[in-house]
Amino acid sequence: MEILVTGGAGFIGSAVVRTLTAVGHGVRVLDALLPAVHPSAQPPELPDGVPFLHGDVRDPAAVEEALDGVDAVCHQAAMVGLGLDLNDAPAYAGCNDLGTAVLLAAMARTSVRRLVLAGSMVVYGEGRYRCPAHGDVAPGPRRPADLDAGRFEPPCPVCATALAPGLVTEDAPADPRNVYAATKLAQEHLASAWARASGGTVLTLRYHNVYGPGMPRDTPYAGVASLFRSALARGEAPRVFEDGGQRRDFVHVEDVAAANLVALTSIDARPPGSARAYNVGSGEPRTVGEMASALAEAYGGPAPVVTGEYRLGDVRHITADSARLRTELGWRPQVPFHTGMKEFAAAPLRA
């Protein structure tokens, strides 16, 4: 299969490229080398025989050139992270939603009908919660007054009782709570519309907190694992927001790349005109505080500092139920949490 990987020079994209080429697929990369991720704008190191096209998914000419002779697209290109403030909203919408729309339009014109889309768990907002009296409930928006007072756990919206967090499944209602999340959900809707209109097939992989070697260093758009690892590299303590009790599912980048491989090789089993979403998580929920401590211990210190600070666009708990991906596509994560953290602590970051 000849596969176009958009964003293939990035952290996750480059891991996907390595995995696909290792099993014999033909791969080509389209990447804009955006300064937020690639400050040097130097061409990336790719496996032998992988052509690199320096172009933006918002450019129809660049996309059509990249699609020539392609059997499938693995769409990783996106602006990621919470951003700094709402001034980032046009950039997020442009990179993520306009870029996806341009790609899909070009795929329709060139009769490329297989798409694996890099989605995100952020589309769920808060995860699954259960009240002992009212069953499954959706917490309301987080209130600055509560967060300022250190009340980080969302209460039941009916009786204000403490809630028990659980695993979120793919059929949970979408509830994007920041601009990035809204653009990731829009990508899914655009891809679903493309599939229906063109007879194509899209599999969306909703990544949870991806970490591993090659994460970008010292950027406000990076994930929390990268921020902590960058701090340790500077000799500083990782700064843990809230009380460190936020639950997440940290999944290794090589496991995410393997999920892309099984999605691409399984996509023809889905009916034309269909869209299907899959959570991609390790199945080992951890708190942010646990992750910071494990990473600092593996690196050799300094120990994390819990700050009590918060970002209003963050959610408290979001952890995955990845049973659908395991059952339907046969994917299994291979990198345990502590093994992955030890490797990540010793691995270089992307400058």
Side-chain angles (χ1 to χ4, degrees), residues 3-23 25 27-54 74-82 95 116 118-121 180 205 207-234 238 248-261 280-282 291-292 294-296 298-300 333-351:
I3 302 165
L4 169 64
V5 180
T6 69
F11 164 51
I12 297 175
S14 60
V16 172
V17 169
R18 292 192 299 271
T19 295
L20 295 179
T21 56
V23 297
H25 288 296
V27 179
R28 65 187 68 174
V29 168
L30 176 68
D31 201 301
L33 300 180
L34 296 177
V37 182
H38 306 276
S40 67
Q42 293 297 313
E45 292 184 12
L46 296 172
D48 290 342
V50 174
F52 173 70
L53 294 86
H54 187 188
C74 189
H75 185 31
Q76 306 292 323
M79 186 174 177
V80 300
L82 268 184
C95 289
V116 172
S120 175
M121 54 83 178
Y180 170 60
L205 301 178
Y207 304 156
H208 282 248
N209 289 72
V210 186
Y211 75 95
M215 289 192 86
R217 175 176 177 169
D218 293 328
T219 165
Y221 300 96
V224 65
S226 177
L227 297 176
F228 290 168
R229 178 66 175 76
S230 296
L232 290 166
R234 297 191 302 268
R248 296 290 188 269
D249 188 320
F250 298 98
V251 58
H252 195 276
V253 67
E254 297 300 333
D255 286 332
V256 170
N260 279 270
L261 173 61
V280 183
S282 70
M291 187 273 285
L295 187 58
Y299 190 84
Q334 300 298 313
V335 184
F337 174 76
H338 286 289
T339 301
M341 286 296 155
K342 288 178 181 177
E343 177 202 34
F344 183 43
L349 296 175
R350 186 188 299 259

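The model shown is predicted, which means the values in this text are computed figures rather than measured ones. Below, each value reflects all heavy atoms present in this structure, side chains not excepted, and no hydrogens, waters or symmetry copies.
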* To do: Could you tell me which non-hydrogen atom of A9 sits nearest to which non-hydrogen atom of F52, and how far apart they are?
  => CB-CE1, 4.5 Å
* Asked: Is there side-chain contact between M121 and N209, with at least one heavy-atom pair below 4.5 Å?
  -> yes
* To do: For residues G281 and P333, report the shortest heavy-atom separation together with the two atoms involved.
  => O-CG, 4.4 Å
* **Flag side-chain contact, heavy atom, 4.5 Å: F344 against L349** => yes
* Structure fact -> Separation between CG (L53) and OG1 (T6), nearest 0.5 Å, reads 12.0 Å
* Test item: M291 and M341 side chains (from C-beta on) under 4.5 Å apart, heavy atoms -> yes
* Asked: Do R217 and R229 touch side chain to side chain, with heavy atoms closer than 4.5 Å?
  -> no
* Asked: What distance separates S282 OG from D249 CG, expressed to the nearest 0.5 Å?
  -> 3.5 Å
* Checking T21 side chain against R18 main chain: does a donor-acceptor pair fall under 3.5 Å? -> yes
* What is the minimum heavy-atom distance between A225 and M215, and which atoms define it? -> CB-SD, 4.2 Å
* Answer whether the closest heavy-atom distance between the side chains of L232 and L295 falls below 4.5 Å. => yes
* To do: Could you pull out the closest heavy-atom pair between A294 and F337, with the gap in Å?
  => CB-CE2, 3.8 Å
* Worked verdict on Q76 versus V16 for side chain to side chain contact (heavy atoms under 4.5 Å, CB included) -> CA-CA 9 Å; Q76 306 292 323; V16 172; 4.2 Å; yes
* Report yes or no: do Y207 and N260 form a side-chain donor-acceptor pair below 3.5 Å? => yes
* Structure fact -> Minimal heavy-atom distance between V253 and A15, with the atoms involved, is CG2-CB, 3.7 Å
* To do: Decide yes or no for D31 and H54: does some side-chain heavy atom of the first lie under 4.5 Å from some side-chain heavy atom of the second?
  => no
* Structure fact -> To the nearest 0.5 Å, atom OG of S14 lies from atom CD of E45 at 10.5 Å
* **Residue pair L4 / L30, side-chain heavy-atom distance below 4.5 Å** => yes
* Excluding sequence neighbours, so at least two apart, what forms ring-ring contact (aromatic ring centres under 6.0 Å, His included) with H252? -> Y211
* Asked: Are any non-hydrogen side-chain atoms of V251 and V256 less than 4.5 angstrom apart?
  -> yes
* Asked: Taking H25 as the fixed residue, which of L261, T19, V5 is the one that meets the side-chain contact (heavy atoms from CB on, under 4.5 Å) rule?
  -> L261
* Structure fact -> Shortest non-hydrogen pair, P213 vs F11, comes out as O-CE1, 3.3 Å
